Amino acid sequence: MSLLWFLLIISISIFVHELGHYLAARWQGVGVKNFGVGFGPTLLKFDRWGTTWRLNAIPLGGYAEIEGMLPGDAHGYSRLSSLGKFLILVAGVVMNLLLAWGVLAVLASTQGVPQTRAQVTEVLPGSLAEQAGFQVGDRILSINGQSLTAYDQVPRFRQSTGEKVFVVLRGEQEVTLRFDWTNTQARLGIVYQPELVGYARLSFLEGLGRAIGETMVVVPRFVQEFVGSIARILSGQTAQGVAGPVGIVGIAGQAAQQGLSALVGLLAAINLSLAVFNLLPIPGLDGGRILVLFVNTILGGRIKPEAEARLAYGGFVFLILLIVLVTINDIRNLAGG
């Protein structure tokens with residue numbers, strides 16, 4: 001069942017991405033000859049709206065064959081303005097983001113968003129926290145009168161200097177702890193972990209705004225972790241911060257055991273990951289094409305279509321190698337390193 005859930009989630013994500021390219025092209029009067037989910041032998045196909053729609057055997061990619069994108073073409077995509085081309089190239093990423101944000105908004109309005117608080121697991125000896133009276137097991141409720149709704153809000157006290165008032169739950173009793181923060185200290189001196197205290201339902205629009213805001217925070221971390229993980233994999237080390245097909249199958253199986261909401265959450269996470277990954281400036285990806293378009297717009301077409309095609313081919317080879325290495329990394333992780 002894990003494999004089936006993986007195939008369903010990946011197929012939906014790829015379809016939505018390529019549909020973005022398709023709609024942006026057709027909206028500008030550019031034809032799309034073929035639209036495919038997957039590669040390899042065709043399992044199912046039909047013709048509609050001037051396009052041959054295909055479901056292929058290997059669901060690890062997809063394509064929208066937009067007219068005018070081949071070297072030497074003088075019609076379709078090639079005749080569009082730079083803005084028109086950009087809209088087609090970025091539309092797949094936009095669709096993945098919209099799907100992810102919509103899914104997260106629905107989850108926030110039906111299931112609710114998790115409310116967590118920070119539970120102190122360690123107080124460093126001789127630290128400011130020890131002097132202030134923190135103890136292992138304390139649950140942080142508020143800082144300077146502001147209630148915390150998530151454990152990762154604790155570092156906000158660093159944003160200003162002066163007296164800090166922490167209210168913690170110690171057993172069944174609320175305890176007030178005070179200390180002066182001058183911003184010259186290296187750290188407060190507590191180690192904490194999240195403790196789930198419940199769920200709070202939001203309206204759809206509130207959930208949508210929350211999803212967009214969290215994306216702005218998560219994306220830089222994702223890129224940093226992804227680049228670091230790829231660097232470790234290329235150097236022959238094992239990395240935990242990236243997962244390929246094998247790893248995602250395992251994650252899908254775990255999500256299926258937790259229920260439908262976990263699977264829907266995984267769909268959102270994969271779409272966010274696809275959006276960010278496709279924006280990376282790697283030849284062959286949307287980000288690489290956008291970079292070439294930007295350079296040609298600024299420098300007046302210095303990168304010719306033939307050169308762009310060679311770059312895309314090199315990027316495709318690199319991506320295949322990357323998939324192989326990430327899959328090996330997945331297997332090593334499953335085998336315990």
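Computed from a predicted structure; not experimentally measured.
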Glu18 CD to Ile66 CD1 distance, which is reported to the nearest 0.5 Å: 8.0 Å
Ignoring hydrogens, what is the shortest heavy-atom contact between Leu267 and Ser13? Give both atom names and the distance. CD1-OG, 3.7 Å
Validation row: Leu124, Leu188 side chains within 4.5 angstrom (heavy atoms): no
Applying a strict under-4.5 Å side-chain criterion to I, L, V, M, F, W and Y, I'd like to know whether Val219 and Val217 cluster together. no
Can you tell me how far the CD atom of Gln135 sits from the CD1 atom of Ile190, to the nearest 0.5 Å? 13.0 Å
Residue pair Ala275 / Asn96: nearest heavy atoms and the distance that separates them: CB-CB, 4.0 Å
Is Arg187 atom CZ crowded by more than 12 heavy atoms from other residues, nucleotides or ligands, each under 6.0 Å away? no
Does Arg79, at its CZ atom, have more than 12 non-hydrogen atoms belonging to other residues, nucleotides or ligands within less than 6.0 Å? no
Do any N or O atoms from the side chain of Ser81 and from the backbone of Gly84 form a donor-acceptor pair under 3.5 angstrom? yes
Euclidean distance, Gln193 CD relative to Arg117 CZ, rounded to 0.5 Å: 12.0 Å
What pair of heavy atoms forms the shortest contact from Ala91 to Gly20, and how long is it? CB-O, 3.1 Å
For residues Leu97 and Asn271, determine if any side-chain heavy atom of one lies less than 4.5 Å from a side-chain heavy atom of the other. no
Heavy-atom distance under 4.5 Å between the side chains of Leu293 and Leu89, does that happen here? yes
Go through the steps to decide whether Leu55 and Lys45 satisfy the test side-chain contact (heavy atoms from CB on, under 4.5 Å), and finish with yes or no. CA-CA 6 Å; Leu55 177 63; Lys45 70 174 183 177; over 6 Å; no
So Leu266 and Trp5, side-chain contact (heavy atoms from CB on, under 4.5 Å) or not? Walk me through it. CA-CA 10 Å; Leu266 179 59; Trp5 284 118; over 6 Å; no
Can you sort out the partners of Tyr151 under ring-ring contact (aromatic ring centres under 6.0 Å, His included), two or more places apart, ordered by chain and number? none
When rounded to the nearest 0.5 angstrom, what is the spacing between CG in Leu98 and CG in Leu208? 9.0 Å
Would you confirm whether Arg139, through its side chain, and Gly137, through its main-chain N or O, come within 3.5 Å as a donor-acceptor pair? yes
Quick one: are Thr215 and Leu272 in side-chain contact, heavy atoms under 4.5 Å? yes
Let me check something: do Ile58 and Ile12 share a hydrophobic cluster, defined by ILVMFWY side-chain heavy atoms less than 4.5 Å apart, either directly or through other members? yes
Worked check of side-chain contact (heavy atoms from CB on, under 4.5 Å) between His21 and Val32: CA-CA 9 Å; His21 295 311; Val32 181; over 6 Å; no
Can you confirm whether or not the ring centre of Trp53 sits under 6.0 Å from the ring centre of Tyr22? yes
So how far is it from Ile270 CD1 to Ile9 CD1, rounded to the nearest 0.5 Å? 5.0 Å
Hey, does Ile143 have a side-chain heavy atom less than 4.5 Å from the side chain of Leu148? yes
Please confirm whether the backbone N or O of Leu196 pairs with a side-chain atom of Gln115, one donor and one acceptor, at under 3.5 Å? no
Keeping the roles fixed (side chain from Gln119, backbone from Glu195), state whether a donor-acceptor pair exists under 3.5 Å. no
Evaluate Asn296 against Val292 for side-chain contact (heavy atoms from CB on, under 4.5 Å), listing each step before the verdict. CA-CA 6 Å; Asn296 280 339; Val292 170; 3.6 Å; yes
Where is the tightest heavy-atom contact between Ala262 and Ala255, given as atom of each residue plus distance? CB-O, 3.5 Å
Nearest heavy-atom contact between Leu128 and Asp180 is CD2-O, 4.0 Å
List the residues meeting ring-ring contact (aromatic ring centres under 6.0 Å, His included) with Trp181, not counting sequence neighbours, and say none if there are none. Phe157
At their closest point, which heavy atom of Phe134 faces which heavy atom of Val123, and how far apart are they? O-CG2, 3.7 Å
Do Ile212 and Val90 sit in one hydrophobic cluster, given that two such residues count as connected whenever their side-chain heavy atoms are within less than 4.5 Å of each other, even indirectly? yes
Given the rule that I, L, V, M, F, W and Y join up when any side-chain heavy atoms are under 4.5 Å apart, are Tyr77 and Tyr63 in one cluster? no
Only pairs under 3.5 Å count here: list side-chain donor-acceptor contacts from residues 34-44, not counting sequence neighbours, and write none if there are none.
unit_1	atom_1	unit_2	atom_2	d
Asn34	OD1	Arg54	NE	3.1
Asn34	OD1	Arg54	NH2	3.3
Asn34	ND2	Glu65	OE1	2.7
Thr42	OG1	Asn56	OD1	2.9

Answer yes or no: is there a side-chain heavy-atom contact under 4.5 Å between Val197 and Thr116? no
Report the distance from atom CG of Leu274 to atom CG of Leu285, rounding to the nearest 0.5 Å. 10.5 Å
Taken in chain and number order and not counting sequence neighbours, the residues that satisfy side-chain hydrogen bond (donor to acceptor under 3.5 Å, both in side chains) with Arg210 are Glu214
Mind listing the side-chain donor-acceptor pairs of residues 104-114 below 3.5 Å, one per line with the distance, residues two or more places apart or on another chain?
unit_1	atom_1	unit_2	atom_2	d
Ser109	OG	Ala105	O	3.2
Ser109	OG	Val106	O	3.0
Thr110	OG1	Val106	O	2.7
Gln111	OE1	Ser261	OG	2.9

Between Asp286 and His17, a side-chain donor and acceptor under 3.5 Å: yes
Residues Lys33, Glu67; criterion salt bridge (Lys or Arg N to Asp or Glu O under 4.0 Å); working and verdict: CA-CA 7 Å; Lys33 295 180 179 179; Glu67 294 181 355; 5.3 Å; no
Would the number of heavy atoms belonging to other residues, nucleotides or ligands and lying under 6.0 Å from CZ of Phe204 be above 12? yes
Between Ile88 and Trp49, is there shared hydrophobic-cluster membership here, with clusters defined by ILVMFWY side-chain heavy atoms closer than 4.5 Å? yes
Arg289 side chain near Met69 side chain, heavy-atom distance below 4.5 Å: yes
Acceptor/donor pairs from residues 165-179 side chains to any protein atom, 3.5 angstrom cut, sequence neighbours excluded:
unit_1	atom_1	unit_2	atom_2	d
Arg170	NE	Asp138	OD1	2.8
Arg170	NH2	Gly133	O	2.9
Arg170	NH2	Asp138	OD2	2.9

Quick one, Val136 and Thr121 - any side-chain contact, counting heavy atoms below 4.5 Å? no
